[in-house]
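First up is the structure itself, then whatever we jot down about it.
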Amino acid sequence: MQLDFLPPQERGQIHSVFVVVPRFNLTTLITMIETMRIGNYLSSERLFSWEVTSFDGLNLSASNGVRVQLDIEPEQTAPADQVFVLASWGGEHYQNKALASWLRKRARRGERICAVELGCYLVARAGLMDGKEATTHWSWINGFQEKFDQISVVEQLFTIDGRIMTCAGGMAGVDLMLRLIEQSHGASFSGEIADQMLHNPIRKGSSSQRRTMGRGTESILPLVRQAMTLIERNIEEPLTVPQIAAALDVSQRQLERQFKKHVGCTVVQFGLLRRLQNARVLLIATELSVREIATASGFNTLSHFSYSFSKFFGRRPSEYREAWPSNETAPTWPGTLSDFLHALNSGDKRSKAPLAPPEGR
């Protein structure tokens with residue numbers, strides 16, 4: 001696949017450099033560029049230019065397996081107004097001293113640096129995010145926060161903290177680009193681009209990354225969504241069902257009934273799923289021991305954690321860590337809510353996970 005990129009033609013243009021690493025998200029790259037391309041299409045003059053480069057050669061495979069041919073080396077890229085660093089699965093382990101040095105040099109020039117999806121790991125390792133507010137894809141937030149506790153991590157679409165920006169990836173990249181275009185060319189022009197892309201409304205950076213919580217297009221009762229949020233914010237020290245009900249000022253019976261109706265499982269079962277998902281990310285993204293990960297995911301005993309993880313994910317925690325990512329040809333996200341509910345309803349052996357021996361709480 002050959003991508004042709006526009007070089008900067010006039011310094012009056014806003015110029016962007018995209019830095020990609022192996023297994024980057026091609027959709028995110030294309031949609032961010034498309035936002036600028038449509039801006040040029042709507043304008044009587046070329047307002048935006050861009051280049052795409054990599055420190056891993058000029059022929060890369062994206063996360064979907066498509067090979068992309070780039071056409072410029074990093075040191076040949078023009079001075080930019082903004083530099084976007086794109087990484088996807090495997091980015092949590094990516095390290096490149098040349099890239100880190102190059103990013104620091106660009107930042108010293110006054111260029112804005114934006115970490116997209118797991119690009120947050122690359123920019124953080126360059127030392128550019130210390131003390132900053134940042135975000136990443138929701139599924140990786142806990143792992144990233146565990147690794148970089150000097151960074152304030154929030155779950156939202158994107159952040160702009162001075163000259164450092166972060167973006168959750170996916171379609172959030174379009175919202176970020178539209179907001180940046182709004183800053184430079186006004187809300188009306190940004191809105192016209194959004195209309196061309198059929199992307200309305202333009203979301204704020206502080207908007208939530210998730211809305212359906214794994215329930216397809218169904219709307220989630222606010223009470224249930226609030227309960228889910230409480231569960232997710234207290235992974236390490238799980239709240240009991242009575243504590244959640246009290247915090248939401250509802251009866252335990254009403255909470256359980258509405259949760260079962262809108263989610264398809266009990267509050268306790270959903271809480272276990274989220275703790276296991278949290279452990280999965282920590283196994284991949286950190287060097288914490290399995291015992292430390294069990295504690296950080298709210299399990300009182302290592303045996304209970306290992307039992308539940310093995311029953312639901314089909315392999316022991318240590319085996320799961322060893323298989324990711326170099327031994328996997330493509331990433332998977334086991335433990336989705338839909339898979340969990342299917343296991344519960346079908347009598348699959350993994351449905352025993354929620355019924356694992358209690359921890360004596």
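Side-chain atoms are counted along with the backbone in the values below, which use heavy atoms only and exclude waters and symmetry mates.
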If you apply the rule side chain to side chain contact (heavy atoms under 4.5 Å, CB included), what do you find for Met165 with Ile113, and how did you get there? CA-CA 6 Å; Met165 304 179 287; Ile113 308 295; over 6 Å; no
Roughly how far, to the nearest 0.5 Å, is the CE atom of Met32 from the SG atom of Cys167? 5.5 Å
What is the distance from atom CG of Leu176 to atom OG1 of Thr28, rounded to the nearest 0.5 Å? 11.5 Å
Heavy-atom distance under 4.5 Å between the side chains of Ser63 and Phe24, does that happen here? no
Just wondering, are more than 12 heavy atoms of other shown residues or ligands nearer than 6.0 Å to CZ in Arg109? yes
Is the side chain of Ser54 donor-acceptor paired with the backbone N or O of Val20 at a distance under 3.5 Å, no angle test? yes
Over 12 foreign heavy atoms within 6.0 Å of CG, Asp130: yes
Taking atom types as modelled, find out whether Gln209 and Thr135 have a side-chain donor-acceptor pair closer than 3.5 angstrom. yes
Could you walk me through whether Thr166 and Thr159 pass side chain to side chain donor-acceptor pair (under 3.5 Å), step by step? CA-CA 5 Å; Thr166 59; Thr159 66; 2.5 Å; yes
Separation of Ser88 OG from Leu29 CG (nearest 0.5 Å): 12.0 Å
Please step through side chain to side chain contact (heavy atoms under 4.5 Å, CB included) for the pair Glu287 and Lys147, ending with a clear verdict. CA-CA 9 Å; Glu287 289 77 45; Lys147 188 80 172 179; 2.4 Å; yes
CG on Leu99 to CG on Asp56, rounded to 0.5 Å: 8.5 Å
Under 3.5 Å, side chain of Arg275 to main-chain N/O of Gly298, donor-acceptor pair present? yes
Main chain of Pro74, side chain of Thr77: is a donor-acceptor contact present, judged purely on distance under 3.5 Å? yes
If you look at every heavy atom in Thr286 and Leu282, which pair is closest and at what distance? OG1-O, 2.6 Å
Less than 6.0 angstrom separating the ring centers of Phe48 and His185, yes or no? yes
With no hydrogens and no angle check, just 3.5 Å: does a side-chain donor-acceptor pair link Ser49 and Gln13? yes
Could you report the tightest heavy-atom contact between Cys120 and Thr136, atom names first, then the distance? SG-OG1, 3.5 Å
Test log, rule side chain to side chain contact (heavy atoms under 4.5 Å, CB included), inputs Arg125 and Phe148: CA-CA 9 Å; Arg125 290 191 179 110; Phe148 300 98; 4.0 Å; yes
Is the side chain of Asn40 donor-acceptor paired with the backbone N or O of Leu47 at a distance under 3.5 Å, no angle test? yes
Checking Ser207 side chain against Lys204 main chain: does a donor-acceptor pair fall under 3.5 Å? yes
Nearest-0.5 Å distance that lies between atom CD1 in Ile181 and atom CD in Glu192: 11.5 Å
Write down the atom of Gly271, the atom of Ile231, and the distance for their closest heavy-atom approach. CA-CG2, 3.7 Å
May I ask you to check if Arg179 and Phe158 form a cation-pi contact, with NZ or CZ under 6.0 angstrom from the six-membered ring centre and within 45° of the axis? no
Treating Thr53 as the side-chain partner and Ile72 as the backbone partner, does any N or O pair qualify as donor plus acceptor under 3.5 Å? yes
Can you tell me if Glu146 uses its side chain to pair, donor with acceptor, with the backbone of Gly143 under 3.5 Å? no
Side chains of Phe299 and Leu272: closer than 4.5 Å at any heavy-atom pair? yes
Between Arg291 (side chain) and Leu302 (backbone), is there a donor-acceptor pair under 3.5 Å? no
According to a hydrophobic-cluster definition based on side-chain heavy atoms being under 4.5 Å apart (Ile, Leu, Val, Met, Phe, Trp, Tyr only), do Val154 and Ile164 belong together? no
Do the charged groups of Arg163 and Glu111 touch, with an N to O distance under 4.0 Å? no
Report the C-alpha separation of Tyr94 and Tyr121 in whole Å, then their side-chain angles, then the decisive distance to 0.1 Å, and conclude whether the ring-ring contact (aromatic ring centres under 6.0 Å, His included) test is met. CA-CA 8 Å; Tyr94 181 93; Tyr121 283 91; over 10 Å; no
Correct closest heavy-atom pair for Met197 and Thr31 would be CE-O, 4.1 Å
Closer than 3.5 angstrom, by distance alone: can the side chain of Ser297 be matched with the main-chain N or O of Ile293 as a donor-acceptor pair? yes
With the 4.5 Å side-chain cut-off for hydrophobic clustering, are Val224 and Ile235 part of the same group? no
Considering only heavy atoms from C-beta outward, does the side chain of Arg112 approach that of Asp81 to under 4.5 Å? no
Nearest-0.5 Å distance that lies between atom CG in Leu248 and atom CD1 in Ile244: 7.5 Å
Does the side chain to side chain contact (heavy atoms under 4.5 Å, CB included) test come out yes or no for Leu86 and Glu117, once each step is laid out? CA-CA 7 Å; Leu86 278 67; Glu117 199 175 340; over 6 Å; no
Side chains of Ile160 and Leu180: closer than 4.5 Å at any heavy-atom pair? yes
Any Val83 side-chain heavy atom under 4.5 Å of Leu103 side chain: yes
Does Arg274 offer a backbone N or O that forms a donor-acceptor pair with the side chain of Asn278 under 3.5 Å? no
Answer with yes or no whether the side chains of Gln82 and His15 bring together a donor and an acceptor at under 3.5 Å. no
Evaluate the side-chain proximity of Ser306 to Ser318: yes if any heavy-atom separation is below 4.5 Å, no if none is. no
For a 4.5 angstrom cut-off between non-hydrogen side-chain atoms, does Glu92 reach Trp140? yes
So does Arg257 have more than 12 non-hydrogen atoms from other groups sitting under 6.0 Å from CZ? yes
Nearest heavy-atom pair of Leu58 and Asp71: which atoms, and what distance? CD1-C, 4.2 Å
Assess, by modelled atom type and distance only, whether the side chains of Arg67 and Ser61 contain a donor and an acceptor separated by less than 3.5 Å. yes
Just by distance, with hydrogens left out, do Arg280 and Gln277 show a side-chain donor and acceptor under 3.5 Å apart? no
Can you tell me how the ring of Phe18 sits relative to the ring of Phe84, calling it parallel under 30°, perpendicular over 60° and tilted otherwise? parallel
salt_bridge(Glu75, Lys105) N-O dist < 4.0 Å: yes
Less than 4.5 Å apart, side chain to side chain, heavy atoms only: is that true for Val267 and Glu256? yes
For Phe259 and Cys265, which heavy atoms make the closest approach, and how far apart are they? CD2-O, 3.4 Å
Give the intermediate values and the outcome of ring-ring contact (aromatic ring centres under 6.0 Å, His included) for residues Phe55 and Trp102. CA-CA 10 Å; Phe55 282 78; Trp102 184 86; 5.6 Å; yes
